[in-house]
Amino acid sequence: MSPTNQDQKERLFTRKWRWLKAFPERLKAKACEVSANTKKIAQDDPRRVIHSAKVGLALTLVSLFYYYQPLYDSFGFSAMWAVMTVVVVFEFSVGATLGKCLNRGLATLAAGALGVGAHHLASLSGHIGEPILLGFFVFLQAVTSTFTRFFPKIKARYDYGLLIFILTFSLISVSGFRDDEIIELAHKRLSTIIIGGLACVIITIFVCPVWAGEDLHNLIAVNVERLANFLEGFGDEYFKTTADGESTDGKSCLGEYKNVLSSKNTEESLANFARWEPRHGHFQFRHPWKQYLRIGTLTRECAYRIDALSGYINSDVQVSLEIRSQIQDACTKMSLECGKALKEVASAIRTMSKPSSADRHVSNSKTAAKNLESLLRSGLWENAELLAVIPAATVASLLFDVVKCTEKIVDSVHELASMAHFKTVDRTVSPEKEEVPHDIEQLKPVPKIDSPHVVITVHGSTSAAFPENGTTPHQYY
């Protein structure tokens, strides 16, 4: 053996030995990582642990139909359908479980009845025509049911039911061709599915229930509050950053709004599940879940404006000190009052009470917006560089849009409070004793100056919100 081959074998042996020697440590580290992830998942939402125990309890109960001899004599191997039903329909929330149970039960009943009828009609055509007719019936229902699944509203609520309908009809039609006891087969299948579904429904409702409607209610409130947190801190952070050059990347409250941008699918799923749920707590049977989706849509529209505003906090293009000092009070007031209005709305949703002071904050923000609009028309841009003017004009335009979005959100919450019969909270301070903000009074419109103008056109401004000025709001002079 050459020295080269010997050296290669020694190196290979050394690598394997090192790998085997380090294997216990790697295994221990992997076990610690899995344990830490398991603990984190359980701590993030303890209901997951309870849900796992509920699924185990349901499976144990329906398994008795297979283990207990008298019950097995009544149902036979069909008892397995009860176990399969629990596995596929037991979901995390009550609404999702009820929806799947009803879909599976009704689809099995309808498909079983149609399957028996199809088998009876096919048997009348004789031994030659029976398989041909059965095949045609299976093809026809599969095509019709599959195409129906493409309808958006049907897919959202009844997709699982249509899938079970196709499966049950095909099984009964095909197996009935070789089995004369087709009615007994359909009866046992339906009975075991009902038993498994009832076990799931009883356990999910009466053992630590998780209501999808309540989760949707809390999610909307949290999303609105995330926007409020950003707006309350935007004014100080934006002007502090441009003035002092300090970074605000560590401000976690200013990044919470990003979760709102990706919440659409979750909101729609929770709303769909909530429609299946019975009356519980403060939520009536026909609670206006669609209104929550409307509020969620408006919240995301506001979050997109906020996302654009966030890009100007650490922008490389700085606004001149003169322009910044003149628009700082108005911009800060607009964002602060919008944040207070949204925080009031979030609290009202969470406590299911009518918002008492949100309209006053919206009015204050609109007053600040009008003063800022007057500033922008007063020759503020005279002798200013274009690159320094554009960021300030864009921020102002985005804040105008935020004011409009805030007003829409407040109006939608008022509509929700009326539809859901939220309670009315007595105001602790009478309207005549309310303190008028000092900075709103100090923001007086600046008279128009006859001087050369620089025209900046900002698209998407709030011309509809402030029409009484008599000029085009999205052209600032």
request  = Could you check W81 against F65 for ring-ring contact (aromatic ring centres under 6.0 Å, His included), going step by step and ending with a plain yes or no?
outcome  = CA-CA 10 Å; W81 287 109; F65 286 87; over 10 Å; no
task = For H119 and F137, run ring-ring contact (aromatic ring centres under 6.0 Å, His included): C-alpha distance rounded to whole Å, both residues' side-chain angles, the deciding distance at 0.1 Å, then the answer.
result = CA-CA 9 Å; H119 176 73; F137 286 148; over 10 Å; no
inquiry  = Walk me through whether N229 and R226 qualify under side-chain hydrogen bond (donor to acceptor under 3.5 Å, both in side chains).
reply    = CA-CA 5 Å; N229 291 335; R226 285 167 175 166; over 6 Å; no
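Distance check, rounded to the nearest 0.5 Å: CZ of F273 to CZ of R157 gives 11.0 Å. Rounding to the nearest 0.5 Å places CZ of F92 at 8.0 Å from NZ of K54. To the nearest 0.5 Å, atoms CG (N103) and CG (L162) are separated by 8.0 Å. Separating the CD atom in Q141 from the OG1 atom in T146 is a distance of 7.5 Å, to the nearest 0.5 Å.
Two residues are said to be in side-chain contact when any heavy atoms from C-beta on lie closer than 4.5 Å; C302 and I409 meet this criterion. L163 has its side chain within reach of R149: a pair of non-hydrogen atoms, C-beta onward, lies under 4.5 Å apart. With a 4.5 Å cut-off on side-chain heavy atoms, Y292 and H217 count as touching. Taking the side chain as every heavy atom from C-beta outward, W276 and L102 approach each other to under 4.5 Å. A 4.5 Å side-chain heavy-atom check between L399 and V403 finds every atom pair outside the cut-off. Side-chain atoms of L216 and H287, non-hydrogen and from C-beta on, never get closer than 4.5 Å to each other. For the pair D215 and L219, the minimum side-chain heavy-atom distance is 4.5 Å or more. Between M334 and L372, the closest side-chain pair of non-hydrogen atoms falls below 4.5 Å.
Annotation: R286, atom CZ; neighbour count of heavy atoms from other residues, nucleotides and ligands within 6.0 Å does not exceed 12. Under a cut-off of 6.0 angstrom, the local environment of CZ in R279 is sparse, with at most 12 non-hydrogen atoms contributed by other residues, nucleotides or ligands. Residue H282 places its NE2 atom among 12 or fewer non-hydrogen atoms of other residues, nucleotides or ligands, all under 6.0 Å distant. For NZ of K408, the number of neighbouring non-hydrogen atoms (other residues, nucleotides, ligands) closer than 6.0 Å is 12 at most. Within 6.0 Å of atom CG in L124, more than 12 heavy atoms from other residues, nucleotides or ligands are found, so the atom counts as buried in its surroundings.
The one candidate from D44, T38, N37 that meets the side-chain hydrogen bond (donor to acceptor under 3.5 Å, both in side chains) condition with K40 is D44. The side-chain hydrogen bond (donor to acceptor under 3.5 Å, both in side chains) test with K343 is passed by exactly one of E232, H361, E225: E232.
When all heavy atoms of E267 and G296 are compared, the pair lying nearest together is OE1-CA, 3.6 Å. Across every non-hydrogen atom of A212 and E277, the tightest pair is N-OE2, 2.6 Å.
Between the side chain of E337 and the backbone N or O of S363 there is no donor-acceptor pair closer than 3.5 Å. Here the side chain of R48 pairs a donor or acceptor atom with the backbone of I41 at under 3.5 angstrom. Between the D307 side chain and the A303 main chain, no donor and acceptor come within less than 3.5 Å of each other.
Between W211 and H280, the ring-plane angle classifies as parallel under the 30° and 60° cut-offs.
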